[in-house]
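Note that these values count all heavy atoms, side chains included, but never hydrogens, waters or copies made by symmetry. First listed ligand is number 1; within each ligand, the first listed atom is number 1.
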Amino acid sequence: MDDAPLPSLLQLTPLNEVYKADPHQVLDDLRARCPVHHDAMSGNFVLSRYADVRQVVSDLDMLRDPTNAEEGALLQRRFLGNVDPNLPRSSVSSILTLDDPDHARIRRPLAQALYARVAKFRPEVERIVGETLDALEGEAEFDLMDRFCVPIPIDVIASILGVDHDRLGEFREWSEGLIQGLNPFRNADQTAAMEAAGDSLARYFTESLADRRRAPKDDLITDMVRLQAEGAALNDDELRINLIALLVGGNLTTTDLIGNGVRLLLLNPAELAKLKADPSIINAVVEEVLRYEPPVDITGRIAHSDMEIGGCPVKARQAMTVSLRAANRDPEVYDDPHAFNVSRKHKPHVAFGGGAHICIGAPLARLEAQVALVRLFERFPDLALADPAAAEWRTLPFFRGLERLDVTV
Ligand code: HEM
């Protein structure tokens, strides 16, 4: 492939059939030929080496807000499309694309409340996973994505937020409607559906905030209202945007972590046998799934000053897209990187990014995947892929997960 043109960022998405079938055919070649590649189409440097990716995401001074990117950073500028430039950024954007001081001001209380909830949430995750498995009893074949991987994260976050049982159906529908928020190439209809779901959720959270002020409950919304009352400086708009961000950022990604994990274990019976023999290794299993088949392809940063990355000059305000997927299979860091090996000596992967923006939901996603995988294989020890040769990957750019996963029990 030496003389072939280097891929654009668009070609590093499942819209490119070669990438969709095997991203590493493209990423290995890119990393070997040009690990710091300037892609003119997106106006971004694309980084594929572990060391460079780590350097960039760990640098706490890097920027994220697209208004801080140079004009030529077309990918970032795309997100500014319909946004009123007179509004404060924190009223239109979640923490994902805010810079300090707003980012730290909003993330700190949210993380404090979320981490405390997740730390005591294992029994509730066990209950939700158990009930989801109960509903499958007696069936011989089903789509595991639809029946297991999709509902679990939505029901878990609904429980964390204290969604009433009688509103769970609506809440599930809205949560699924938000998926297009992750698609930078969505069409007008998809945008309209996503906006309708977003409006319903914003109304729902407005009501919930008022309810919890009147009658506190044991849930994350009450925690946030309490932190506000105790002086945490974030207003209701900011709260609503960031509660919705937990749904946008957390549901599909965790669904894909569970789905990718089940598929990998079924395709690698020796690795599955290790888990069945000793379920206490589940931690290592989930970390290897995150390394090998991370649900999120990329994240990004904007240079805060002139700098050098991997020996290449990058100017202040230039944008960088880092390939988490490529970094996780860098042969400089991982022996035999394309082998799925749950006994591998642990070297931290970058599936959750890093630094100031490291995924706020990582502890929750890990907990859900650990419980889901252990309980699934306990309940259905003969679980098998209906068609081991089939892999229906979704076409959503920058995410990797299965459209469906037909299994027999
Ligand atoms: C396996 C599941 C998940 C994966 C692979 C994942 C991946 C990521 C990545 C790569 C980032 C960007 C980090 C960076 O730029 O350094 C991120 C940020 C974020 N994630 Fe996750 N995520 C997952 C689950 C969740 C869950 C369960 C939630 C919510 C409960 C969540 C909410 C967020 C939020 C709000 C951010 C923005 C954080 C910030 O910018 O400060 N994610 N996630």
Participant: I'd like to know if the side chain of Q76 pairs up with that of N44 as donor and acceptor (distance under 3.5 Å, no hydrogens or angles considered).
Facilitator: yes
Participant: What are the atoms of ligand 1, with element, lying closer than 4.0 Å to any heavy atom of A351?
Facilitator: 5 (C), 7 (C), 10 (C)
Participant: Which protein heavy atom lies closest to atom 37 (C) of ligand 1, and at what distance to 0.1 Å?
Facilitator: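 Protein heavy atom at minimum distance: L96 CD1, 3.7 Å.
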Participant: Can you label the angle between the H24 ring and the H338 ring as parallel, tilted or perpendicular, going by 30° and 60°?
Facilitator: tilted
Participant: Which residue supplies the protein heavy atom nearest to atom 13 (C) of ligand 1, what is that atom called, and how far is it?
Facilitator: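 Heavy-atom neighbour on the protein nearest atom 13 (C) of ligand 1: H357 O, 3.1 Å.
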Participant: Can you label the angle between the Y204 ring and the W174 ring as parallel, tilted or perpendicular, going by 30° and 60°?
Facilitator: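 Ring orientation of Y204 relative to W174: tilted.
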Participant: Scan side-chain atoms only and decide if Q370 and R375 contain a donor-acceptor pair under the 3.5 Å cut-off.
Facilitator: no
Participant: Verify the distance criterion only: is there a donor paired with an acceptor across the side chains of E368 and T254 at less than 3.5 Å?
Facilitator: no
Participant: Measure L324 to ligand 1 on non-hydrogen atoms and call it side chain, backbone, both or neither using the 4.0 Å cut-off.
Facilitator: side chain
Participant: Do T299 and R64 have a side chain donor and acceptor closer than 3.5 Å?
Facilitator: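 Indeed, the side chains of T299 and R64 share at least one donor-acceptor pair under 3.5 Å.
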Participant: Taking only residues two or more places apart in sequence or in another chain, which ones pass side chain to side chain donor-acceptor pair (under 3.5 Å) with T13?
Facilitator: none
Participant: What part of P153 sits under 4.0 Å from ligand 1 if we count only heavy atoms: the side chain, the backbone, both or neither?
Facilitator: neither
Participant: Going by the order shown, which atoms of ligand 1 are within less than 4.0 Å of some heavy atom of L257?
Facilitator: 1 (C)
Participant: Under 4.0 Å from a heavy atom of R107: which atoms of ligand 1 are those, numbered in the order shown and with their elements?
Facilitator: 38 (C), 39 (C), 41 (O)
Participant: Looking at P295, which atoms of ligand 1 are within less than 4.0 Å of one of its heavy atoms?
Facilitator: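 Taking each heavy atom of P295 in turn, ligand 1 has 1 (C), 5 (C) under 4.0 Å.
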Participant: Provide the number and element of each atom of ligand 1 under 4.0 Å from a heavy atom of T299.
Facilitator: 12 (C), 14 (C), 15 (O)
Participant: Are D237 and S91 close enough that a side-chain donor and a side-chain acceptor fall under 3.5 Å?
Facilitator: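 Side-chain D/A pair, D237 to S91: absent.
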Participant: Would you say the side-chain atoms of H346 and E287 include a donor-acceptor pair closer than 3.5 Å?
Facilitator: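 E287 and H346 do not have a side-chain donor-acceptor pair below 3.5 Å.
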Participant: If only side-chain N and O atoms count, and only distance matters, is there a donor-acceptor pair under 3.5 Å linking S42 with D39?
Facilitator: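 Yes.
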Participant: Taking V286 as the fixed residue, which of N283, V289, L290 is the one that meets the side chain to side chain contact (heavy atoms under 4.5 Å, CB included) rule?
Facilitator: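 Exactly one pass, corresponding to L290.
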Participant: Check ligand 1 against G354 and write out every atom of the ligand that is under 4.0 Å from a heavy-atom position of the residue.
Facilitator: 16 (O)
Participant: Under 2.8 Å from atom 21 (Fe) of ligand 1, which protein N, O or S atoms do you find? Ignore water molecules.
Facilitator: C359 SG
Participant: Tell me which part of H103 gets within contact of ligand 1: side chain, backbone, both or neither, using heavy atoms under 4.0 Å.
Facilitator: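 It is the side chain that touches ligand 1; the backbone stays farther off.
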Participant: Would you say T254 and ligand 1 have an N/O pair spaced under 3.5 Å apart?
Facilitator: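 Checking ligand 1 against T254, no N or O pair falls under 3.5 Å apart.
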Participant: May I ask you to identify the nearest protein heavy atom to atom 16 (O) of ligand 1, giving residue, atom name and distance to one decimal place in Å?
Facilitator: R301 NH2, 2.8 Å
Participant: Checking side-chain polar atoms at under 3.5 Å, does D65 have a donor or acceptor matched by the opposite partner on H103?
Facilitator: no
Participant: Between the side chains of E71 and R317, is the shortest nitrogen-to-carboxylate-oxygen separation below 4.0 Å, so that they form an ion pair?
Facilitator: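 Between E71 and R317 there is no salt bridge, as every charged N stays at least 4.0 Å from the carboxylate O atoms.
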Participant: Quick one: look up the protein heavy atom nearest atom 29 (C) of ligand 1 and list residue, atom name and how far away it is.
Facilitator: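 For atom 29 (C) of ligand 1, the nearest protein heavy atom comes out as L246 O, 3.5 Å.
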